[in-house]
2 protein chains.
Amino acid sequence: MRDQRDTNIPYKIYLSESEMPTQWYNVRADMQHKPAPLLNPATLQPMTPEELSHVFCDELVAQELDDTTAYFDIPKEILDFYKMYRPSPLVRAYCLEEKLQTPAKIYYKFEGNNTSGSHKLNSAIAQAYYAKKQGLKGVTTETGAGQWGTALAMACAFLDMDCKVYMVKVSYEQKPFRREVMRTYGASVTPSPSDTTAVGRKILAEHPGTSGSLGCAISEAVEAATSQPGYRYVLGSVLNQVLLHQSVIGLEAKTALDKYGIKPDIIIGCAGGGSNLGGLISPFMGAQLRGEETYHFIAVEPASCPSLTRGRFVYDYCDTGRVCPLAKMYTLGSGFIPSANHAGGLRYHGMSPVVSQLYDDGLIEARSVEQTAVFAAAEEFARIEGILPAPESSHAIRVAIDEAMKCKETGEEKTILFGLTGTGYFDMVAYGKYNDGEMTDSIPTDAELEAGFAGLPPQPQA
Amino acid sequence: MRDQRDTNIPYKIYLSESEMPTQWYNVRADMQHKPAPLLNPATLQPMTPEELSHVFCDELVAQELDDTTAYFDIPKEILDFYKMYRPSPLVRAYCLEEKLQTPAKIYYKFEGNNTSGSHKLNSAIAQAYYAKKQGLKGVTTETGAGQWGTALAMACAFLDMDCKVYMVKVSYEQKPFRREVMRTYGASVTPSPSDTTAVGRKILAEHPGTSGSLGCAISEAVEAATSQPGYRYVLGSVLNQVLLHQSVIGLEAKTALDKYGIKPDIIIGCAGGGSNLGGLISPFMGAQLRGEETYHFIAVEPASCPSLTRGRFVYDYCDTGRVCPLAKMYTLGSGFIPSANHAGGLRYHGMSPVVSQLYDDGLIEARSVEQTAVFAAAEEFARIEGILPAPESSHAIRVAIDEAMKCKETGEEKTILFGLTGTGYFDMVAYGKYNDGEMTDSIPTDAELEAGFAGLPPQPQA
């Protein structure tokens, strides 16, 4: 067993409560090329605060549109909630390093130590709090794999708010336990598409028997929020406001590393809508944008839903029902749905406009990986580091191991930091398939991608 | 929202690595009445170390039989493993206190922050380590709800040892996800009773179609260990050695409380086989036995499996197949099986001999609670404290809330400490039943208990 450790660096670095961040960091303030504004799909003009306020509560609209303020104070109530499960540990993967026999130093920021099982809670509590503060009665949202819905249900239970979750039908049926967690937290959970909304009824009429999609559930949740008083819609990824809230991940990680004089060379995050990646890298990217440091940032996405590596950087609908504003982002087209054999999340057709812009500016590398390789990394990690990772998080593990093995070849002692966004307790069907050797990969053909791109909306004039 | 907190006491008290215990505490050393020895069922004579060494590895036999040594050094390799997930947080339940509007101060020691999802890992790594050190190839065990099997699979994966788990058939079928977690960690999982052992074949012949029981799975695991070279049997509760390892819970809790000058008045743990309760209370009980402090200890058990509150303090078989030694303990008889509507663990017919003796000496209060009341407490706790508790742990939550409400009536500012042994991610079928209003209680009739007692073995002469 291992006995050669840096004795001055604990396995897990926990910040004390006094060291925890009290402000979120807005990376847009330091970006030379700002992310493009959301557009009204009818006029192709930037969405006004007034227009957005029908969908989002007022403080979140302000956060969404503000690309110059670098720091936002975290309200005391949210800080108090954070203290219930934060700081999250920054873990030195000593055992994995030894197993790999790599000279690389591997750290991971583990966000799964709360019942929602993922980093999603960081933004859920913020979005629910601002809605409550505005005197609203409740919020609506969509969920796919269920991590976001669970996080929002928890936040709403804590604040005693109503929570309506539209859950992609296939997940609703295949993940009854996720559904029950949300119900235990008092949320109402509706399989989507449903007949409770006009857009749901339309999709059902056009595609009877459909098992739903995230984009479709978004459309229903937005309609549910805007068609009744006292509700707003909230979203767990993609939006600027979400990346702002998730910056708490990177801020804690950077503070913990700085405390021990550690500077990561490579920073890796899985990328679906970009919430975890954006949150983790924000303060590091800010330091790089200000010319203080340089890092190698890697976004990891599934080969079956390769929005960064094979998508287009254009304006697209955020949802299948096309009720949301247009966002300029790397996208596969709002009609794109990953192959049915794709396990886990990271199945969104688009990508956070902030992450998309940073990627387009050459500040982030993107890499796509296949899921059998991802589950192999997940299993290796679980057995030696003890944490059963979510399939989403395991994309980052895969590339962290790959990079550590490169260091083994070259002898470089690079320091690698990756985001371990959550746990895989509710993904055991996928693990079972992998254990039984029944998991397969699937990479969309060029023709399949072209079909997705064919559904892109007309682009605004430059 | 709450804003009146003791600002000098954090939400979560984490010990630094240097403050973590380096020795386990053996409460037997301070007990005036020692727990009775295990007996050979054939001769009714105390089991010799040589006899026990066929079942357990040598160092564990020594720990099992030693009732005078107060402290055992924790081997460095186990300390290193502990650092991967320990110290576990001691949490001040500020939000629950506010919700209940109680003057009581409530703390819980949360043992669910590891993939096994429970405290079981504390003993699993110790038992696997000693087996490895003895040059053995692997270990066998049984699991019911799956927490122990998961913990052992994790420990064995880490140490690269073989792990054979006999899983109660009804759980094997109803909890496929637990099974997959164990397989992901590389364990082989066999539904019990099975045709892989003589005792399993016998039980199948006598009770075709049986859905199994913990006692039956123990019999199979013991046979599997003793009938092939290089294997030993390991057990997740009941045994003295397990309580010794689990003392790390209480030692950490006491150190953390002492650090802030906090003295608990009431200490509450759920009790199935006694591993968590015994581990949590050990160092506090030691202080009381030495006349240094006094505490009010409460063991909470399900009304449907009431070994302390309605059992008999006699010698009984530890397993259904009657291949194990006899233990003197509070028992419902080895043939007792809780009603089929009983959710979760805490379904063992007996109780740790240490806990049994302390209870018989009047040092512990025992209380039984019904499961609908338990799930109501679980849900209330989850919504306000954010952690989704295991049904087992929720027995302690129920009584902690009850005691806090008594404080509200009397105005007493008692300090309550309870053990939150694990998370309920794999118990969503039970939560679903509760959410749907379909959960019922069941209390065994006197006649049902008498039928269990009728199976007790002849008692040794005093």
Side-chain angles (χ1 to χ4, degrees), chain A residues 1-3 5 10-12 14 16-17 76-77 80-81 83-85 89 91 94-95 113-117 121 129 150 153-155 157-160 176-181 183-186 375 378-379 382-389 423-432 434-436, chain B residues 1-3 5 10-12 14 16-17 76-77 80-81 83-85 89 91 94-95 113-117 121 129 150 153-155 157-160 176-181 183-186 375 378-379 382-389 423-432 434-436:
Chain A
M1 275 175 277
R2 185 176 196 98
D3 56 0
R5 295 194 171 91
Y11 271 70
K12 294 179 294 186
Y14 279 110
S16 68
E17 286 188 4
K76 182 182 175 305
E77 292 82 353
D80 279 348
F81 188 86
K83 285 179 192 168
M84 290 174 66
Y85 68 99
V91 186
Y94 283 116
C95 300
N113 264 358
N114 66 74
T115 288
S116 80
L121 197 53
Y129 166 77
T150 304
M154 275 184 69
F158 186 80
L159 296 171
D160 200 18
F177 294 173
R178 269 287 182 202
R179 186 179 77 210
E180 286 308 328
V181 175
R183 290 182 69 209
T184 300
Y185 282 100
F375 275 81
E379 188 178 275
R383 291 187 181 185
I384 200 70
E385 285 289 324
I387 295 170
L388 187 80
T423 49
Y425 299 112
F426 293 99
D427 299 286
M428 295 320 297
V429 171
Y431 271 99
Y434 177 76
N435 291 335
D436 291 333
Chain B
M1 277 175 275
R2 186 177 194 95
D3 57 359
R5 296 193 171 91
Y11 270 71
K12 293 179 294 186
Y14 280 109
S16 68
E17 286 186 5
K76 182 183 177 305
E77 291 83 353
D80 278 348
F81 187 87
K83 285 179 191 166
M84 289 174 67
Y85 68 100
V91 186
Y94 282 116
C95 300
N113 263 357
N114 66 74
T115 288
S116 80
L121 197 53
Y129 166 77
T150 304
M154 275 184 69
F158 187 79
L159 296 171
D160 200 18
F177 295 173
R178 269 285 184 204
R179 185 179 77 208
E180 287 308 327
V181 175
R183 290 183 68 210
T184 299
Y185 282 100
F375 274 81
E379 187 178 277
R383 291 187 182 186
I384 200 69
E385 287 288 323
I387 295 170
L388 188 80
T423 49
Y425 299 112
F426 293 99
D427 300 285
M428 296 320 297
V429 171
Y431 271 99
Y434 177 76
N435 291 336
D436 290 333

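Throughout, protein chains are lettered first and strands after them, A, B, ... in sequence-line order, and every chain is numbered starting at 1.
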Next on the checklist: Counting heavy-atom pairs closer than 4.5 Å to chain A, which one of B/Gly424, B/Ser116, B/Gly386, B/Ala157 comes out on top?
Outcome noted: B/Gly386
Checklist outcome for this item: All heavy atoms of A/Glu379 vs all of B/Thr184, minimum pair found to be CG-O, 3.5 Å
Item to check | Engaged part of A/Tyr434 at the chain B interface, taking heavy atoms whose separation is under 4.5 Å | outcome: neither
Checklist outcome for this item: Answer key: most heavy-atom pairs under 4.5 Å with chain A among B/Met154, B/Arg383, B/Met84, B/Arg178 is B/Arg383
Item to check | Nearest atoms (heavy-atom pairs only) where A/Ala382 meets B/Tyr185 | outcome: O-CE2, 3.0 Å
Item to check | A/Lys12 versus B/Glu17, closest heavy-atom pair with distance | outcome: N-OE2, 4.1 Å
Item to check | 4.5 Å side-chain heavy-atom contact, B/Asp436 and A/Arg183 | outcome: yes
Next on the checklist: How close do B/Phe426 and A/Met428 get, counting heavy atoms only, and between which atoms?
Outcome noted: CE2-CG, 4.2 Å
Checklist entry - Which answer fits B/Val429, side chain, backbone, both or neither, if we ask what part of it has an atom under 4.5 Å from a heavy atom of chain A? => result both
Item to check | Verdict with reasoning, B/Tyr431 to A/Val181, per side chain to side chain contact (heavy atoms under 4.5 Å, CB included) | outcome: CA-CA 8 Å; B/Tyr431 271 99; A/Val181 175; over 6 Å; no
Item to check | Residue among B/Ala378, B/Ala153, B/Gly186 with most heavy-atom pairs under 4.5 Å to chain A | outcome: B/Gly186
Checklist entry - Looking at B/Asp427, B/Leu388, B/Asp160, which has the largest count of heavy-atom pairs under 4.5 Å with chain A? => result B/Leu388
Checklist entry - With under 30° as parallel and over 60° as perpendicular, where do the rings of A/Tyr14 and B/Tyr14 fit, or are they tilted in between? => result parallel
Item to check | Contacting region of A/Asn114 [heavy-atom separation from chain B under 4.5 Å] | outcome: backbone
Checklist entry - Are B/Tyr11 and A/Asp80 side-chain neighbours, meaning at least one heavy-atom pair lies under 4.5 Å? => result yes
Item to check | Interface moiety of A/Thr423 toward chain B, non-hydrogen atoms closer than 4.5 Å | outcome: neither
Next on the checklist: Would you call the rings of A/Tyr425 and B/Tyr425 parallel, tilted or perpendicular, taking 30° and 60° as the class edges?
Outcome noted: parallel
